[in-house]
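Data first, discussion second: the structure below is written as structure tokens.
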Amino acid sequence: MLRAKLAFEIAFERLERAKALMKPEMGDEFSVAVSSAIRTYIESRFDLRVTRHTTEEFMTLIAAETSGDLGEYADLLHHFLGHCDLAKFARYTLGLDQMKQMHRSAWDFVDKTRPRPEEKTA
């Protein structure tokens with residue numbers, strides 16, 4: 001019997017696919033792919049609507065979140081999303097090392113926040 005994929009499994013798949021975009025001439029596409037993977041993961045995992053918000057609005061939502069689950073990752077997320085915004089909106093050219101660092105931080109964020117077997121929520 002097939003089961004629905006969990007939010008972290010989908011995020012890992014999307015981040016893995018984004019590796020194909022890790023080329024300086026594809027910085028915009030790469031940034032959109034990893035940012036979208038993280039924002040969609042956060043919506044599913046933390047039940048927090050963030051895909052239609054700017055980075056600043058999103059960070060305000062995290063700060064206002066009562067459970068505080070995301071609060072401990074606010075600096076990491078702000079730094080990560082700031083790099084994504086530079087590539088998407090300021091047409092900043094990301095180097096391969098920056099892309100690798102962004103990918104690693106996105107992957108680590110999902111890994112650190114995914115439900116563990118002892119948790120009951122997906």
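- A search for salt bridge (charged side-chain N to carboxylate O under 4.0 Å, His left out) contacts involving K5 returns E13, not counting sequence neighbours.
- Scored by the side-chain contact (heavy atoms from CB on, under 4.5 Å) test, S35 finds R39, L81, C84, K88 as partners (sequence neighbours excluded).
- Considering every non-hydrogen atom in both R14 and S36, the closest pair reads NH2-OG, 2.6 Å.
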Q.
Could you go through S31 and L94, starting from their C-alpha distance and side-chain angles, then the distance that decides it, and tell me whether this counts as side-chain contact (heavy atoms from CB on, under 4.5 Å)?
A. CA-CA 9 Å; S31 295; L94 296 169; 3.3 Å; yes
### Message
Could you walk me through whether E9 and R3 satisfy the salt bridge (Lys or Arg N to Asp or Glu O under 4.0 Å) test, starting with their C-alpha distance in whole Å, then the side-chain angles of each, then the deciding distance to 0.1 Å, before giving a yes or no?
### Response
CA-CA 12 Å; E9 294 169 324; R3 67 166 176 75; 2.6 Å; yes
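- Rounded to the nearest 0.5 Å, atoms CH2 (W107) and CZ (F12) are 5.0 Å apart.
- M99 and G27 make their closest contact through CE-CA, 3.4 Å (heavy atoms, listed as atom of the first residue, atom of the second, distance).
- Rounded to the nearest 0.5 Å, atoms CD1 (I42) and CG (L77) are 5.0 Å apart.
- Between F46 and F109, the two ring planes are tilted [angle within 30° to 60°].
- Considering all non-hydrogen atoms of both residues, M102 and V34 come closest at CE-CG2, 4.2 Å.
- For M26, the side-chain contact (heavy atoms from CB on, under 4.5 Å) partners at least two apart in sequence or on another chain are L21, K23, E29.
- Every residue two or more places apart in sequence or in another chain was checked for a side-chain contact (heavy atoms from CB on, under 4.5 Å) with A20, and none qualifies.
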| request: For L15 and V110, run side-chain contact (heavy atoms from CB on, under 4.5 Å): C-alpha distance rounded to whole Å, both residues' side-chain angles, the deciding distance at 0.1 Å, then the answer. | output: CA-CA 10 Å; L15 290 171; V110 173; 4.2 Å; yes
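- Remark: H103 NE2 to E16 CD distance equals 6.0 Å, nearest 0.5 Å.
- Put simply, the side chain of M22 reaches to within 4.5 Å of the side chain of K19, judged on heavy atoms.
- Shown here for L96 and P24, the closest heavy-atom pair between the two residues is N-CG, 4.5 Å.
- Scanning for side chain to side chain donor-acceptor pair (under 3.5 Å) contacts around D97 gives an empty result, with sequence neighbours left out.
- Judged as a salt bridge (charged side-chain N to carboxylate O under 4.0 Å, His left out), and not counting sequence neighbours, E56 has no contacts.
- With rounding to the nearest 0.5 angstrom, the CG atom of L6 is 10.0 Å from the CZ atom of R114.
- F30 approaches A18 most closely through the heavy-atom pair CD1-O, 3.5 Å.
- Heavy atoms only, all atoms of each residue included: S44 and A7 are closest at CB-CB, 3.5 Å.
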